[in-house]
Amino acid sequence: MSQSIAANPDRLLPADPGTRSIARDLLQRVQDLPIISPHGHVDAAVIENNTSFPDPAALLVSPDHYVTRLIHASGVPLDKLRAGGTSTPESRDIWRTFVAAWPLFEGTASGYWLRTQFDSVFELGADLGEMSADASYDAIAAKLVEPGFRPRQLFKDFNIEVLATTDDPLDNLASHKAIAEDPTFAGRVLPTFRPDQYLNIAHPAWGANVDRLIDAAGDGATGYSAYITALENRRRYFVEHGAVSADHGVATPATLKLERAEAERIFELARAGKATAEDRNTFEAHMMYEMGRMSVEDGLVMTIHPGSFRNHHTPTFEAFGADTGHDIPYAVNYTEAIRPLLQDFGTAKDFHLVLFTLDETVFSRELAPLAGFYPSVYLGAPWWFLDAPDAMLRFRSAVTETTGFSRSSGFIDDTRAFCSIPARHDASRRIEAAFLARLVAEHRVSEDRAHEIIVDIVDSSPRRVFKL
């Protein structure tokens, strides 16, 4: 049995021996720093209840649309990988399908993270392809039932200091409250306000969501005024329960300040089911402006990640639901779209706006210049399809000449897969070390400054940007 390449200490570091040596020293400087994860999708109840993880397939394959999408692209129906459609496949059968498809993941970010998990978390000791599907399944399943392999112990073993979740505005945040009040748990699990389904009137549940929102937090009022009041009240509730940010997954980064009467008119049309497509776009842009205003007032960091065509394949969405691998990026325009928000709040004291993108072409053309001028704007880490090693290096190369290193958010793992968190952060640290090592080798940054910069990128930036 040969050693997995995931165990190689020089993975992702430069091939040139001299530059690699510099990168090794830089990596060593930050390798043991705690993990700060200010945005992700792990359920807080997993940490609160500290229950065992499910079987290998349910943990590592079925819920991870980065994994299932590529296998599906090779011709495997999704109903062989997850529940839905016409069948509920057995866990071991899902795993066998995954292992058969494992060669497809060579060179992908998902393959890198999975291989790292198999080596460092599950201690398989060899590459997956060298073990039979059943042997690897049994080895991981045995690990999952060990008393020390519970979420709280792994939270500690992974050296996680802060983990932010993503939560519905009407969530009672009971799990977050229980965790915060538990004296035996030292980490921080923070909620994040995610109001997309309450702002986008094109969402099928928008009307019902608004009714529930107004009933729960509208202070007895009605109409648009109650809607705005309820959003403000729920944001305040999140702040009181430890939230530091509000996250927005929108079609475009458009923002627009409407007159109050016009906003009320569109709101009432939408509640009556009479809003046009133009009304829907206008209202969402206005509500993004309103979210910025509220962030200035309540201090929540505003994060925006636009540019995804959600649920691109309707039959798959109808059979399996959202987040099943067919959210496809498209081009976005930030410069014009975000201007109304920045005109009023771009220089507002303590307003933090983190901008993400799935469109690499805006890195140097739009995002870096925006972050290079506006005190409020920070560059979000590469997102979704851009979080592969080469894409992360392209991001650093594209933005650093304009913004330096101080205007970035730090790494964002955006994961639903708890066990992948250390692998993802380790990859980011290695990429930062590799990029900085090249600047040192080219005599563009001194080695002493590079050591200071990498600590700032990994640790100080996320604390500063997300007000931790």
Side-chain angles (χ1 to χ4, degrees), residues 1-7 40-72 74 76-85 87-106 108 110-160 163 320 323-325 413 415-424 426:
M1 215 180 257
S2 63
Q3 184 187 52
S4 169
I5 57 174
H41 297 274
V42 173
D43 185 352
V46 169
I47 310 298
E48 179 199 6
N49 298 327
N50 200 34
T51 51
S52 297
F53 290 104
D55 61 78
L59 176 65
L60 297 167
V61 180
S62 296
D64 192 339
H65 55 84
Y66 298 105
V67 174
T68 59
R69 68 187 301 275
L70 189 56
I71 303 175
H72 177 265
S74 73
V76 177
L78 277 182
D79 60 9
K80 290 186 177 296
L81 298 167
R82 60 190 305 148
S87 65
T88 302
E90 294 293 329
S91 172
R92 192 176 289 270
D93 289 338
I94 294 173
W95 189 259
R96 288 169 179 160
T97 302
F98 164 64
V99 172
W102 179 240
L104 302 175
F105 290 88
E106 296 294 358
T108 68
S110 295
Y112 178 84
W113 295 327
L114 284 166
R115 183 175 271 128
T116 303
Q117 288 178 76
F118 295 148
D119 180 82
S120 62
V121 178
F122 297 104
E123 300 175 327
L124 292 186
D127 200 17
L128 191 64
E130 298 171 28
M131 303 180 72
S132 73
D134 286 345
S136 57
Y137 184 98
D138 292 338
I140 294 173
K143 196 79 175 173
L144 295 180
V145 297
E146 291 179 6
F149 208 84
R150 297 288 182 89
R152 291 192 176 207
Q153 184 59 47
L154 290 178
F155 196 103
K156 180 179 179 181
D157 293 345
F158 292 165
N159 198 20
I160 301 173
L163 179 70
F320 298 96
D323 299 318
T324 46
D413 58 64
T415 187
R416 290 171 172 80
F418 183 73
C419 291
S420 77
I421 291 174
R424 293 173 186 243
D426 176 73

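Judged as a salt bridge (Lys or Arg N to Asp or Glu O under 4.0 Å), and not counting sequence neighbours, the contacts of K143 are E123, E146. Qualifying ring-ring contact (aromatic ring centres under 6.0 Å, His included) partners for F149, counting only residues two or more places apart in sequence or in other chains: F122. The side chain to side chain donor-acceptor pair (under 3.5 Å) check on E90 picks up nothing, with sequence neighbours excluded. By the ring-ring contact (aromatic ring centres under 6.0 Å, His included) test, Y66 is found to be paired with no residue, residues two or more places apart in sequence or in another chain being considered. H41 meets the ring-ring contact (aromatic ring centres under 6.0 Å, His included) test with H39; sequence neighbours excluded.
Note that the CG atom of D55 and the CD1 atom of I94 stand 7.5 Å from one another [nearest 0.5 Å]. The distance from the CD1 atom of I140 to the CZ atom of F53 is 13.0 Å, given to the nearest 0.5 Å. T108 OG1 to E106 CD: the interatomic distance, rounded to the nearest 0.5 Å, is 8.0 Å. With rounding to the nearest 0.5 Å, the separation of CG in D64 from CG in L114 is 6.5 Å. Interatomic distance, L104 CG to S110 OG, rounded to the nearest 0.5 Å: 11.5 Å.
Counting heavy atoms from C-beta on, the side chains of L60 and Q117 come closer than 4.5 Å. No side-chain heavy atom of L124 sits less than 4.5 Å from a side-chain heavy atom of D119. Side-chain contact between R82 and T324 is present, with heavy atoms from C-beta onward closer than 4.5 Å. The shortest side-chain heavy-atom distance between I421 and L163 falls under the 4.5 Å cut-off. The shortest distance between side-chain heavy atoms of D127 and I5 does not fall below 4.5 Å. Side-chain contact between R115 and W102 is present, with at least one heavy-atom pair separated by less than 4.5 Å. Annotation: side chain of L81 is in contact with side chain of T97 (closest heavy-atom distance under 4.5 Å).
Aromatic ring centroids of F118 and W113 lie 6.0 Å or more apart. The distance between the ring centers of F158 and F418 falls below 6.0 angstrom.
Look at D93 and K80 and you find no salt bridge, because none of the NZ, NE, NH1 or NH2 atoms lies under 4.0 Å from a carboxylate O. At a threshold of 4.0 Å, the pair R92-D138 counts as salt-bridged, since one of the basic side-chain nitrogens sits closer than that to a carboxylate oxygen.
Between P54 and L144, the closest heavy-atom pair is O-CD1, 2.7 Å. Here the closest heavy-atom approach between residue A141 and residue P56 is recorded as N-CG, 3.7 Å.
The aromatic rings of W95 and Y137 sit perpendicular, their planes meeting at an angle over 60°, well past the 30° parallel limit.
Not a single donor-acceptor pair under 3.5 Å links the side chain of S62 to the backbone N or O of A58. With S136 contributing its side chain and S132 its backbone, the two residues share a donor-acceptor pair below 3.5 Å.
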Checking side-chain contact (heavy atoms from CB on, under 4.5 Å) for the pair F320/D79: CA distance, chi angles, key distance, verdict? CA-CA 9 Å; F320 298 96; D79 60 9; 4.0 Å; yes

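Residue pairs satisfying the side-chain hydrogen bond (donor to acceptor under 3.5 Å, both in side chains) criterion with at least one member in residues 43-54, sequence neighbours excluded, are listed as follows: E48-S175, S52-R150.
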